[in-house]
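To find a chain, count down the sequence lines: A is the first, B the second, and so on, and within it residues start at 1. Just the heavy atoms: all of them, side chains too, but no hydrogens, waters or symmetry mates, feed the values below.
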Amino acid sequence: MTTEKTIGLWVRALILAQKGKTKVERKMTIKILVKLLKRQKKEYLLPKILAQFQKDCLKKEKIELILTRRYGPGLIGEIKKRLGLIFGQDKILVPSFNKELIGGFRLKTESFLVEASIRGFLAEIKKILWKK
Amino acid sequence: MEKIEQLKKQLEGLGLKPKIEEIGEVLEVKDGVVKASGLENVENFELVEFEGRNVLGLVLNLEEYETGIVLLSKEAGVKEGDIVKRQKKMLSFPVGEKVLGRVLNPLGEPLDEKGEIETDEFLPLEKMGPSVIEREPVRSPLHTGILAIDSLIPIGRGQRELILGDRSTGKTALALDTILNQKQEKNRPVCIYVACGQKKSKVKRLIKILKDRKALEYTAVVCAFADDPASFLYLAPLAGAAIGEYFRDKGKDALVIFDDLTKQAWAWREISLVLRRPPGREAYPGDIFYLHSRLLERAAKLSQNKGGGSLTALPIIETQTGDISGYIPTNVISICDGQIFLDTPLFSRGQRPAIDIGKSVSRVGSNAQLPVMKKVSGTLKLDLAQFQELERFSEFSEELDPETKKIIERGRRMRELLKQDDLSPLSFEKEAVIIFAGVKTFIDDLAIDKIKTFKKDLIEEIERITPEILKSIREKEDLSPETEKQLAEAIKRAKKYGVKGD
């Protein structure tokens, strides 16, 4: 098995092991991981596993909200609250700004995208006209 | 104003509302294959789009945490982190009458600069072949216009007849002659030529020939060139089959030529190895047989309940050093309903088409022959087999009895009679006339080097003096005793005046 695949498997195992656990239990899970790696003489993989784990967790928990202009903290907070009700409070909202959207917004999670920008709408029109 | 109305119509139903799309993220791009995360509900063989790249992909691998996608474009520019969106539709191909006369790539995009294909009908590239109940036996002939094939290895409409041989043995020439011959056939089938992994110069030449001979009007050409991505080479035969299926299901006849399936096998091997599927024999994936069997099972003769249409397939396989016991050749031989084997030594000796009669067979046989062809070429194969045996024997023995010598001489003349120039297909009535002359021993007293001229003279003689012979054979599809007498007279005249005129 390649090193990348091994790291991938450990990361997935860690994600599954930490699902629904408290902060203390999660720390215990990491300690168990270190013990298991020592037993298999693969402690050198630990930094890579943890880095990949962090990356994957962020990917799963991140909700990217791309807006066309900067709004006040009050409005962003309200959006965070509403998104928390839909997706769960453990999600991390990452607002960003892109004028190229012209208007509207884009909301991106790990597995789906809500396209509600003017640019997206114009791209749709272009696609239809190009097709015909 | 008209343009504005047209635009309004095109944009009808388009509302300004948010769109929710299922997406994934590109993890890795390698050798035309992309690994992406996400896409949890994506289906196998579904189309996906890479955002902002104008590139489509085809989902081929569904793993636990990743999806394997093969790119459907040369200039992809896809990189890690790009968003990939589900299209929620299977890869389909434009079909219909508008496709005839056009040159397309496996995505249905035109390559002949004649504008878009204006059709509303699309068929999926992957489709199951008709069931057993939906089929009926192959009975009507598909004339290739090649003497040796139509008399000895007859092909029927709905049959799969494999053409195999080494490089430059005349496989494509045979296929091209078959397409050209359909011009003069009644109930002309629609022809589809799939160029899979061929050189652009070769395909260009082929298209020019079809155009010049006015055969392009009933032919569709699907091209996946040698420098196209492996996905194109994999999809091209499927696209050809989809076009043929459209006509088959409409009750019409269609002929599809896959030139050649060896390249498709190589492309599928390449894609499978990059997708990390376990390699089997000769590094081919385990489903290499299934790749060809599911493609060729789409060729069938449908029952009258289903319209009575047919799709005939002429797959081409390139062998290496004449080895027909290779992995891919044996696979496809077992799938098809017969094979035409083109032999390099025969080709070098000037026997063209270089068909090895001993190794070639049509499993449909005389069931797909017209009564006239059955009558004239009844014992021809047996006679030729006997001749080949005796010819080999004569190499070891100097003294031969007169009967053996006679058989050998006749066999040599028959072999010469079956030679045919490139791009010169013959209608079935002319074939019947020529073979009649050979089988009924009219050419036994002709010098072998005069036989080519005799064939030409005979046809000219009949067309000029007694065209009713050809007309009678064409209409009745049989040889009546009166027509036989007239034909015998015409042959004698052609021998007397035609040959002496040289």
Side-chain angles (χ1 to χ4, degrees), chain A residues 1-2 4-16 52-53 55-68 79 83 86-87 96 98 100-132, chain B residues 3-4 6-28 30 35-42 48-54 56 63-67 80-89 92 94 107-109 115-120 122 276:
Chain A
M1 206 189 290
T2 62
E4 281 163 13
K5 208 164 182 180
T6 312
I7 293 170
L9 288 171
W10 279 115
V11 167
R12 279 174 216 136
L14 196 56
I15 290 172
L16 289 169
Q52 186 66 36
F53 172 70
K55 211 172 150 186
D56 285 358
C57 281
L58 189 65
K59 222 195 283 185
K60 280 192 180 316
E61 289 163 15
K62 188 171 85 169
I63 300 175
E64 211 177 316
L65 176 64
I66 308 159
L67 303 161
T68 51
I79 294 170
L83 286 173
I86 299 167
F87 296 109
S96 60
N98 188 353
E100 285 176 23
L101 296 184
I102 306 169
F105 68 93
R106 263 162 70 111
L107 188 77
K108 184 176 160 284
T109 66
E110 194 200 3
S111 44
F112 64 87
L113 172 75
V114 177
E115 178 65 71
S117 68
I118 304 282
R119 187 180 78 170
F121 182 62
L122 291 172
E124 191 65 33
I125 295 175
K126 181 186 167 187
K127 217 173 167 180
I128 293 170
L129 294 176
W130 229 248
K131 209 175 165 184
K132 305 270 180 164
Chain B
K3 291 274 181 190
I4 294 170
Q6 207 179 4
L7 278 170
K8 272 187 186 171
K9 205 177 173 188
Q10 280 175 318
L11 299 172
E12 223 167 54
L14 188 71
L16 190 68
K17 48 184 183 279
K19 220 166 82 165
I20 301 173
E21 292 170 304
E22 289 180 48
I23 60 163
E25 194 179 304
V26 172
L27 297 174
E28 186 186 79
K30 190 160 69 174
K35 288 266 169 83
S37 65
L39 295 172
E40 280 155 9
N41 301 318
V42 77
V48 294
E49 191 194 352
F50 293 87
E51 194 190 48
R53 306 276 175 213
N54 198 27
L56 292 174
E63 293 165 41
E64 204 179 351
Y65 296 103
E66 283 168 359
T67 309
E80 192 186 328
D82 280 353
I83 293 173
V84 51
K85 299 180 187 176
R86 274 188 75 186
Q87 297 299 292
K88 294 186 184 166
K89 60 181 182 188
S92 56
L107 301 181
E109 294 160 356
E116 288 295 314
I117 311 289
E118 288 161 5
T119 178
D120 291 327
F122 292 81
R276 298 278 191 183

Is [X] in contact with chain A via its backbone, its side chain, both, or neither, using a 4.5 Å heavy-atom distance?
X	result
B/Glu22	both
B/Leu39	neither
B/Glu25	side chain

Turns out that what part of A/Ser117 lies under 4.5 Å from chain B's heavy atoms comes down to neither
Go through it in stages, so that I can follow the logic: the residues are B/Lys19 and A/Glu124, the test is salt bridge (Lys or Arg N to Asp or Glu O under 4.0 Å), and I'd like the CA-CA distance, side-chain angles, deciding distance and then a yes or no.
CA-CA 10 Å; B/Lys19 220 166 82 165; A/Glu124 191 65 33; 2.7 Å; yes
Can you tell if the side chain of A/Lys60 reaches within under 4.5 Å of the side chain of A/Ile15, non-hydrogen atoms only?
yes
A/Phe105 and side-chain contact (heavy atoms from CB on, under 4.5 Å): which single residue from A/Ile66, A/Thr68, A/Val114 fits?
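Result: among A/Ile66, A/Thr68, A/Val114, A/Val114 is the only option passing the side-chain contact (heavy atoms from CB on, under 4.5 Å) with A/Phe105.
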In terms of heavy-atom contacts, does CG of A/Asn98 have more than 12 from other residues, nucleotides or ligands at under 6.0 Å?
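Counting other residues, nucleotides and ligands, CG of A/Asn98 exceeds 12 neighbours.
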